[in-house]
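Numbers here are sequence positions counted from 1.
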Amino acid sequence: MIGLALLPSHWNAAADMDWDAVSHRFHADPLLASVLTALCYEAEAHGASTAFFEHGVSLIVKRLADSVPPAADVRSPRPLSAQRLARVRAYVDAHLGDDLSVTQMAAIAGMDPSGFTRALRARTGLAPYRWLTMLRMERAAVLLAAGASVMGAANAVGYANAGKFAAAFRRITGMPPSDWRPR
């Protein structure tokens with residue numbers, strides 16, 4: 001794999017290119033591979049200032065510009081409705097100790113998993129597992145504040161491994177569960 005850094009303003013073919021779209025895709029292109037390999041050898045032997053190097057980079061920029069698909073009509077997803085969120089939240093609250101899946105939560109919301117994921121993220125700003133972890137840690141914090149042991153709180157919110165629970169709790173609250181005190 002060979003990488004190439006380009007200054008877009010320097011290359012005419014790149015003026016209106018969506019560089020973000022190009023840079024986040026893998027390009028399995030034999031022409032690009034052979035030109036980049038030749039440029040690598042040329043740069044080692046003669047530096048990056050030869051006409052061959054300039055021409056090779058121009059070919060690459062043109063090829064990349066031609067490979068960018070037209071921008072799709074991207075609409076922001078509709079947020080999960082308050083009613084659906086309340087239904088899912090009630091189900092999750094009642095089953096925090098269970099092995100919950102996105103598919104189950106989506107079914108409770110009456111949606112397919114990918115649509116649910118987009119809608120939940122639009123509503124809460126969180127992906128489903130991140131949202132579920134946050135809810136679990138909120139419940140664990142209440143249990144710990146009420147005097148539950150760390151392992152008792154972990155089990156109550158679906159963690160069989162105290163170490164994983166402690167890591168998740170620290171990530172969400174900023175402190176280990178053994179140090180948790182109500183605020």
Side-chain angles (χ1 to χ4, degrees), residues 1-9 14 17-28 64 67-183:
M1 177 177 279
I2 299 173
L4 180 66
L6 299 170
L7 181 59
S9 61
M17 190 182 332
D18 180 358
W19 284 97
D20 194 49
V22 171
S23 67
H24 287 92
R25 291 180 36 229
F26 179 77
H27 297 275
L64 289 174
S67 75
V68 176
D73 179 20
V74 179
R75 297 181 193 145
S76 46
R78 296 183 74 182
L80 191 63
S81 71
Q83 295 82 10
R84 286 182 176 185
L85 180 62
R87 243 189 353 251
V88 174
R89 174 74 192 252
Y91 179 81
V92 167
D93 284 344
H95 296 90
L96 276 177
D98 299 342
D99 184 21
L100 296 170
S101 70
V102 174
T103 304
Q104 288 171 306
M105 291 185 283
I108 298 301
M111 301 174 75
D112 67 276
S114 61
F116 171 75
T117 296
R118 288 189 301 274
L120 182 70
R121 185 184 301 270
R123 168 65 80 172
T124 66
L126 301 171
Y129 281 114
R130 180 95 172 148
W131 180 71
L132 180 59
T133 300
M134 185 190 70
L135 296 178
R136 285 179 163 155
M137 296 309 115
E138 286 175 359
R139 171 77 59 82
V142 169
L143 293 170
L144 291 167
S149 69
V150 170
M151 199 61 217
N155 287 331
V157 297
Y159 284 81
N161 181 313
K164 289 187 181 208
F165 167 73
F169 193 87
R170 183 187 303 263
R171 191 172 54 250
I172 300 295
T173 67
M175 63 177 37
S178 57
D179 293 348
W180 182 255
R181 300 285 180 263
R183 295 182 175 161

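Taking the side chain as every heavy atom from C-beta outward, Phe169 and Tyr159 never approach each other to under 4.5 Å. Using a 4.5 Å heavy-atom threshold, the side chains of Thr117 and Tyr129 count as separate. Contact of the Arg118 side chain with the Met111 side chain is not registered, since no non-hydrogen atoms from C-beta on lie closer than 4.5 Å. Between Gln104 and Tyr91 there is a side-chain heavy-atom pair separated by less than 4.5 Å.
How far CG of Leu85 is from OG1 of Thr124: 7.5 Å, rounded to the nearest 0.5 Å. Remark: Arg87 CZ to Ile108 CD1 distance equals 8.0 Å, nearest 0.5 Å.
Nearest heavy atoms, Pro77 versus Ala122: O-CB, 3.7 Å. Counting all heavy atoms, side chain and backbone alike, Met105 lies closest to Pro128 at CE-CB, 4.0 Å. In this structure, Thr103 and Pro113 approach most closely via the heavy-atom pair OG1-CG, 4.0 Å. Closest approach of Pro176 to Arg170, counting heavy atoms only: CB-NH2, 3.5 Å. Nearest heavy atom pair, residue Ala109 against residue Phe116, reads CB-CD1, 3.8 Å.
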Report all side-chain donor-acceptor pairs from residues 135-152 shorter than 3.5 Å, counting only partners two or more places apart or in another chain.
residue, atom, partner, partner atom, Å
Arg136, NE, Leu96, O, 3.1
Arg136, NE, Val157, O, 2.9
Arg136, NH2, Leu96, O, 3.3
Arg136, NH2, Asp98, O, 2.7
Arg139, NH2, Asp93, O, 3.1
Ser149, OG, Gly152, N, 2.9

